[in-house]
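Numbering of residues begins at 1 and proceeds along the displayed sequence.
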Amino acid sequence: MASISFTLPIFLTIFFFLTLKTIPTIETDANETRLLFYYHERTKSPNATAIKVVSSPVDPTVPIFAVGNIFVFDDPLTEGLDPASHVLGRVQGELVFASLDGYDGLYNFNIVFTDLDPWTGSTLTVIGRNPTQQTVKELPVVGGTGRFRRTRGYIILTRLTSLARPDGIITFEVNLTLWNN
């Protein structure tokens, strides 16, 4: 009889702790991932990483801000603010100027991690409106591959340099918040 009364409290204690770990709570979200990195877009040759591939049929003479202009890009993703800092991956995608005033567009890109453990080989997909004249913008992360499969989240993208820099390098800070299902 003594052995039953001793094992029952142990059993109840183990059951209580197992139950606590399986009940999700609003205050605790152990599946949240936050990352900070930078990408650098070079708009001038040589070695441009952003290239205009379609000119606006409305006004083909406008170099950037015209409805219908389409750009593709393959920008280095770095650990630090300096473009020469450690490369973590690439930001690859397109910007389609979709507003009649020529300033807002559809941003569609993948963040490809090539050297950031444990996410090396994984990707994130971002699709959303790009108000190009705003320095800070929020874009949704709609999914991913590898370690980011079934991920959802958002990025806060902050342009740190002027669009009119003489060297043509535009630097963006990327604050990424993700929730894995």
Side-chain angles (χ1 to χ4, degrees), residues 32-83 85 87-114 119 122-145 148-181:
E32 184 175 286
T33 302
R34 289 179 180 260
L35 298 171
L36 170 69
F37 38 79
Y38 302 87
Y39 77 88
H40 312 276
E41 189 163 273
R42 184 181 298 273
T43 60
K44 294 185 178 179
S45 293
N47 305 321
T49 62
I51 301 167
K52 182 177 176 183
V53 294
V54 174
S55 290
S56 170
V58 175
D59 189 354
T61 63
V62 177
I64 298 175
F65 302 110
V67 64
N69 279 346
I70 300 175
F71 291 81
V72 296
F73 52 91
D74 183 1
D75 301 327
L77 181 71
T78 63
E79 186 174 53
L81 185 57
D82 182 356
S85 65
V87 175
L88 304 173
R90 308 294 296 177
V91 178
Q92 301 168 327
E94 63 189 4
L95 171 59
V96 178
F97 285 91
S99 64
L100 289 175
D101 67 5
Y103 288 107
D104 300 324
L106 171 65
Y107 227 1
N108 171 21
F109 61 89
N110 292 309
I111 300 172
V112 181
F113 293 99
T114 58
W119 302 289
S122 300
T123 67
L124 292 168
T125 299
V126 177
I127 300 175
R129 179 177 177 267
N130 180 1
T132 60
Q133 299 306 301
Q134 293 180 8
T135 304
V136 179
K137 45 201 122 201
E138 180 178 338
L139 296 160
V141 174
V142 298
T145 64
F148 294 120
R149 188 177 297 132
R150 296 184 59 192
T151 292
R152 60 189 171 85
Y154 65 94
I155 63 172
I156 302 297
L157 191 62
T158 305
R159 187 180 65 239
L160 300 177
T161 56
S162 167
L163 292 173
R165 264 181 73 148
D167 64 1
I169 298 175
I170 305 167
T171 300
F172 296 90
E173 178 182 84
V174 181
N175 281 289
L176 176 66
T177 302
L178 302 172
W179 298 279
N180 301 316
N181 292 334

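- Between Val141 and Leu178, the closest heavy-atom pair is CG1-CD2, 3.8 Å.
- For the residue pair Asp59 and Thr61, a side-chain donor N or O sits within less than 3.5 Å of a side-chain acceptor on the partner.
- Annotation for Leu100: atom CG does not count as buried by contact number, only 12 or fewer foreign heavy atoms lying within 6.0 Å.
- Listed by chain and residue number, nothing satisfies the ring pair (Phe, Tyr, Trp, His ring centres under 6.0 Å) test with Tyr38 (two or more places apart in sequence, or in another chain).
- Considering only heavy atoms from C-beta on, Val91 stays 4.5 Å or farther from Val174 through its side chain.
- In this structure the side chain of Pro131 reaches within 4.5 angstrom of the side chain of Arg129, judged on heavy atoms.
- Screening Val54, Leu106, Thr132 for a side chain to side chain contact (heavy atoms under 4.5 Å, CB included) with Phe97, the sole residue that qualifies is Thr132.
- When each of Thr145, Asn110, Thr151 is checked for a side chain to side chain donor-acceptor pair (under 3.5 Å) with Thr125, only Asn110 meets the rule.
- Taking the six-membered ring where the residue is Trp, the centroids of Phe71 and Phe73 are separated by 6.0 Å or more.
- Judged by distance alone, with hydrogens and angles left aside, the side-chain atoms of Ser56 form a donor-acceptor pair with the main-chain N or O of Val67 at under 3.5 Å.
- Note that the NE2 atom of His40 and the OG1 atom of Thr78 stand 3.0 Å from one another [nearest 0.5 Å].
- Remark: side-chain polar atoms of Lys52 are not paired, donor with acceptor, to backbone N or O of Asn69 under 3.5 angstrom.
- Considering only heavy atoms from C-beta on, Leu77 comes within 4.5 Å of Phe113 through its side chain.
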